[in-house]
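Chain identifiers are assigned alphabetically (A, B, ...) following the order of the sequence lines, protein sequences preceding nucleic acid strands; residue numbering begins at 1 within each chain.
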Protein chains: 2
Amino acid sequence: MPFLVIGGDAAGMSAASRAKRHRPDLDVIVLEKTADVSYSACGMPYNIADPSRPIDDLVVRRAEVFRDKQGIDLRTGIEATAIDPEGQTVCARDKEGREHTFGYDKLLVATGAVPITPPIPGIDRPGVMVLKSLAHGRAMKDFIDRHAVRKAVIIGMGYIALEMCEALRVRGIAVDMIKPRASFLPWMEEGLADQVRAEVEARGVGVHPGHRIGEIVQQGDRLAVVAPDLTLEGDLVIVAAGIAPASELAAAAGLQTSVAGAIAVDARQRTSNRDIYAAGDCADAFHVVTGQRTWIPLALRANRAGWAVADNVCGIDRRLAGVVGSAVFKVFDLQVARTGINADEARAAGLEPETVVIKSRSRAHAHPGASDIWVAMVGDRGSGRLLGVQMVGRDGVAHRLHAPAVALHAHMTVEQFSLTDLGYAPPFGPTWDPMLTAANQLLKRL
Amino acid sequence: MPFLVIGGDAAGMSAASRAKRHRPDLDVIVLEKTADVSYSACGMPYNIADPSRPIDDLVVRRAEVFRDKQGIDLRTGIEATAIDPEGQTVCARDKEGREHTFGYDKLLVATGAVPITPPIPGIDRPGVMVLKSLAHGRAMKDFIDRHAVRKAVIIGMGYIALEMCEALRVRGIAVDMIKPRASFLPWMEEGLADQVRAEVEARGVGVHPGHRIGEIVQQGDRLAVVAPDLTLEGDLVIVAAGIAPASELAAAAGLQTSVAGAIAVDARQRTSNRDIYAAGDCADAFHVVTGQRTWIPLALRANRAGWAVADNVCGIDRRLAGVVGSAVFKVFDLQVARTGINADEARAAGLEPETVVIKSRSRAHAHPGASDIWVAMVGDRGSGRLLGVQMVGRDGVAHRLHAPAVALHAHMTVEQFSLTDLGYAPPFGPTWDPMLTAANQLLKRL
C-alpha cells in the first residue's frame with residue numbers, strides 16, 4: 001500500500017522526495033489539484049515586480065523531474081474530495097469529473113492554505129484578485145500587462161500586502177492600501193510600526209487603515225473600493241486579507257483541528273489518526289515560547305515538516321522542535337523582522353511582559369553605510385526569560401534576527417542573551433550590537 | 001580609598017564610567033600612559049583608508065568629558081610601573097620622570113595588549129610600523145601622507161593584516177603580504193580560506209606565505225623585506241604579526257597568568273588577588289565550548305568585562321558567561337566570520353570533531369543580489385554537540401554568525417540547531433538558510 005500525499009507544494013513534495021530517497025522501493029503517490037508543483041510562492045511579489053521575468057522562473061522543480069528522475073507517481077489536476085480513515089482510502093476527482101479512489105498505508109495531508117476573501121459585495125468582480133498559488137501570480141501578472149494597470153488598491157496591510165505594494169511601485173503603479181482595523185501593523189510595537197508606515201508613505205503610497213469597506217463597484221474603466229468616508233479607485237484590486245488553513249477535508253474526516261482551524265499535529269506531524277500526517281500551511285505547531293499550539297504558516301516549517309513526515313513514514317523517528325514565530329520581510333529599503341511573542345501575546349499566555357524599544361546604529365560610529373536600527377525586546381518579569389524581539393532597519397536586520405530566534409529555542413533569559421559573544425567589526429555593527437543594547441536596557445526593568 | 005584603574009581604553013574607561021554611574025561618590029582614578037582614551041581601535045584600518053577623515057574621528061569620548069562631565073579622575077601621560085598587592089598601592093611615573101604612588105581599595109588592571117615584533121634585524125628602521133594604539137594609527141597615516149607611499153609590505157596575514165591590506169589598496173597603494181607559516185589562514189577550513197585568498201589576490205595583492213624573513217634593509221629610498229628566496233620592496237612595512245597580553249605588571253606583582261601569558265580571571269573578572277580585577281585584552285576568559293581558559297582579545301569582551309568589574313566593585317554581583325570565540329572581519333567585498341572552535345582545536349580539547357563544508361546562496365533561488373556563501377560546520381561525534389562554524393561570502397555573513405554563536409552559548413546539538421525556526425524571505429536567504437543546510441549535512445555524519 002502506498003504512501004499517499006494530498007497536495008504537491010512545499011510540504012507535500014518535500015515529503016514525497018525524501019521518502020523516495022529513503023526507500024526507493026516505496027510507492028509514493030501525490031495528488032495535486034492544480035497544474036503546478038514545487039514553486040517559490042514567497043518569490044511571487046519579486047517576480048511580479050519584474051516584467052522581464054516569466055512567472056515560471058519560480059518553479060523550483062518541474063513535475064517531470066519528480067516523475068521521471070525521482071520515480072514519484074505525481075498526478076496533477078486531480079483533487080482529493082474525501083478521506084476515509086477507516087478504510088484507509090482517499091476519493092478524488094479529476095478535471096474531467098471522473099472519480100478515483102486511492103488506498104494508503106500512510107497518508108499526508110498537505111493541502112496548504114487558502115486566501116481569505118472577506119464578504120464584500122463586488123469582491124468577485126473581474127480585476128479583484130488574490131495572491132496565493134502560482135496560478136494567482138500568473139493571472140495577476142497577465143492582468144497587469146494586459147490592462148496596462150496604472151493604479152491599484154490593496155485590501156490588507158500584512159506582509160504580503162506590503163510586499164505587493166513594493167512590487168507594484170517598482171513597476172510605476174500607484175498604490176492605495178486600505179483595511180478596517182485602525183492599527184497599521186497591530187502585532188508590532190508602535191515605535192517600530194511607525195517606521196514601516198513612514199517608509200511606505202515616503203514612496204507615495206496611500207495608507208488608509210480604519211476604513212470598513214462597504215463594496216467594490218465598477219466605475220467606468222476602473223474599480224472603486226468604497227468605504228463610508230473614502231473611495232479608492234484602481235485598475236486592479238488586490239485582496240491580501242490573510243489566509244486560512246485548508247483543513248476542511250481533514251476536518252470532514254474527523255481529524256482533530258486547533259488554532260484557526262488548522263489540523264492538530266504532534267511533534268512527529270501526526271494527526272489524531274495514527275496513519276495520517278499533516279504538514280505545511282494546513283497544520284498547526286507548538287510554540288516554543290508559550291508551550292501552546294499555534295498556527296504560523298511559513299515556508300521553512302512546511303519543508304521541514306515534510307521531511308519529518310517522510311522520516312517517520314520510513315521508520316526514522318523524527319520529532320520536530322516547536323516554532324518561535326520568526327518572520328522577516330522587506331518593504332522598499334526597510335527590513336522588518338520578528339521572532340517570539342509580543343507583549344499582548346505574552347499577557348494572553350499568562351506571562352508578565354516588560355518591553356523596551358531602542359534605536360541604535362547598524363554599523364560602528366562613523367562607519368560609512370551606517371543607518372538607524374530599531375529593536376523592541378520583550379522579557380518576562382517573573383522568570384527573566386526572553387520572550388520576543390522585533391526589529392526594523394535598512395541594514396542587517398533580517399540576519400540579526402536569527403540570534404534571538406536561537407535564544408528563544410534555548411529558553412534563554414534576557415541576561416543570558418545579553419552576555420552572548422556576538423561577533424563585532426566596524427562594518428557590521430557597533431561594539432554593542434543593537435540587540436545587546438536592547439537586552440542591557442531591558443535587564444534594568446526585569 | 002579609591003577604585004584605581006590602570007589603562008584608559010575600552011575595558012578601563014567602561015569600568016570607570018559605570019562605577020561612577022553606580023556610585024557618584026566613589027573616588028575613581030584612571031592612569032593612562034598615552035594621551036588617548038576611549039577610541040575605536042577596530043576602526044583604524046577604515047579611517048586610514050580615507051585620507052579625508054582625521055584620525056581623531058575615532059575618539060568616542062574625549063578625556064575632558066570623562067573628567068568634567070563624569071567626575072572621573074583621569075590622568076593621562078602617566079605609566080604604572082609596579083603594583084604592591086600587600087600595601088594596596090600602585091607606583092607610577094609621569095612624562096617628566098616623577099614617581100607617584102596611588103593607594104587603592106579595589107584595583108582594575110586594564111593594560112591591554114602589545115603588538116608582537118618578531119626579532120628580525122632591521123625591524124626598528126624608520127618606516128617599519130605596527131598598528132595597535134591610536135598613536136600608531138596617527139603615525140601611520142602621517143607617514144603615508146608625508147612619504148606619498150606607493151607600495152607597502154605587510155608582515156602577517158591575520159585579520160588586522162587583511163584589513164590594512166584593504167585600507168591600503170583603497171588608497172591605491174600596492175601591497176605584498178608575507179609570513180613564515182605556509183598556511184594562509186591556518187585556523188580556517190581550507191575550502192573557505194581559499195576564497196579569502198582568491199579575493200585578496202584578485203585585488204592585485206601579492207600573497208606570500210611560507211617565507212621566513214631574514215632582515216629588513218634600506219634599499220635607496222625604499223625598505224626591502226628580505227627572505228631567502230624572495231625580496232619585497234616597499235615605502236612602508238607594516239608588522240601585523242599578532243598581539244600579546246600586556247601582563248608584565250600583573251605578573252611581576254605575583255598575579256596568576258594563563259594562556260599566552262594573559263592574566264587569569266574568574267567569572268567576576270577577579271584575579272588571583274581578591275582586590276585586583278583584570279579586564280580587556282590583558283585578561284583571559286573561559287571558553288564555553290571547551291570549558292577551558294582561553295585568550296581571545298576582542299572589543300566587545302573588553303567593554304563587557306569592564307562593566308562587570310564596575311558592578312562587582314560596587315557590590316552588584318556580576319558573573320560573565322564565557323566566550324565562544326566569535327570574530328568577524330571584512331576584506332574587500334568578502335565577509336569572513338567564525339565562532340566556536342575548529343576541528344584542530346576540538347581534537348586538542350579531547351573531542352571527536354566531524355566537519356562539513358557546504359556552498360550555498362545568500363538569497364533565494366533567482367533573487368537579485370544572491371551570491372555564493374560557504375559554511376564550514378564542526379560537530380562532536382560523541383555528544384552530537386555543535387562545536388563551531390566558519391562562514392565566508394559577500395552577503396549577509398557577519399550577522400548570520402550570531403545564530404551559531406548563541407547556539408554555542410546554549411550548548412545546542414547540531415540537530416537542535418538544525419531545527420531552529422530562522423526567519424526566511426527571498427531577499428534574505430534560501431528557504432533553508434545556508435547554516436541550516438550545513439547542519440542538515442553534518443547531522444548525517446554524526
| message | I'd like to know which of A/Thr431, A/Leu422, A/Leu401 tops the heavy-atom pair count under 4.5 Å against chain B. | response | A/Leu422

| Relative to chain A, which segment of B/Asn440 carries a heavy atom at a distance below 4.5 Å: side chain, backbone, both, or neither? | side chain

| query | Side chain, backbone, both or neither: which part of B/Leu58 has a non-hydrogen atom closer than 4.5 Å to chain A? | reply | neither

| Among B/Ala398, B/Pro430, B/Cys42, which residue forms the greatest number of heavy-atom pairs with chain A at distances under 4.5 Å? | B/Cys42

| request: Can you tell which part of B/Ala364 gets under 4.5 Å to a heavy atom of chain A, answering side chain, backbone, both or neither? | output: neither

| Does CZ belonging to A/Arg62 count more than 12 external heavy atoms closer than 6.0 Å? | no

| message | So, applying side-chain contact (heavy atoms from CB on, under 4.5 Å) with A/His402, which one of B/Arg400, B/His399, B/His402 is it? | response | B/Arg400

| said: Please enumerate all residues that pass salt bridge (charged side-chain N to carboxylate O under 4.0 Å, His left out) together with A/Lys141, with sequence neighbours excluded. | reply: none

| message | Given heavy-atom pairs under 4.5 angstrom as the criterion, report whether the side chain, backbone, both or neither of B/Ala337 touches chain A. | response | neither

| remark: Highest number of heavy-atom pairs under 4.5 Å with chain A among B/Trp307, B/Tyr46, B/Phe428 belongs to B/Phe428

| task | Grab the two heavy atoms, one from A/Gly325 and one from B/Asp421, that are nearest each other, plus how far apart they are. | result | N-OD2, 2.8 Å

| message | Please classify the contact of B/Asp433 with chain A as side chain, backbone, both or neither, using a heavy-atom distance under 4.5 Å. | response | side chain

| Looking at B/Ala425 and A/Phe329, what are the two nearest heavy atoms and their distance? | CB-CA, 4.4 Å

| Under 4.5 Å from a heavy atom of chain A, the part of B/Thr420 involved | both

| remark: Highest number of heavy-atom pairs under 4.5 Å with chain A among B/Gln335, B/Arg301, B/Gln416 belongs to B/Gln335

| chain B contacts, top residue of A/Ala308, A/Ala410, A/Pro427, A/Gly43 (heavy-atom pairs, under 4.5 Å) | A/Pro427

| By a 4.5 Å heavy-atom criterion (distance strictly below it), what part of A/Leu436 contacts chain B: side chain, backbone, both, or neither? | side chain

| query | Do the charged groups of A/Arg319 and B/Glu415 touch, with an N to O distance under 4.0 Å? | reply | no

| A/Arg304 side chain to B/Trp432 backbone, donor-acceptor under 3.5 Å | no

| message | Report which part of B/Arg338 has an atom under 4.5 Å of a heavy atom belonging to chain A: side chain, backbone, both, or neither. | response | neither

| note | If one checks every heavy atom of A/Leu320 against chain B at 4.5 Å, the contacting part turns out to be both

| For B/Asn303, is it the side chain, the backbone, both or neither that has a heavy atom under 4.5 Å from a heavy atom of chain A? | both

| query | Who wins among A/Ala10, A/Gly322, A/Gly396 for the most heavy-atom pairs under 4.5 Å with chain B? | reply | A/Gly396

| task | Mark yes or no for whether A/His409, through its side chain, and B/Phe417, through its backbone, hold a donor-acceptor pair below 3.5 Å. | result | no

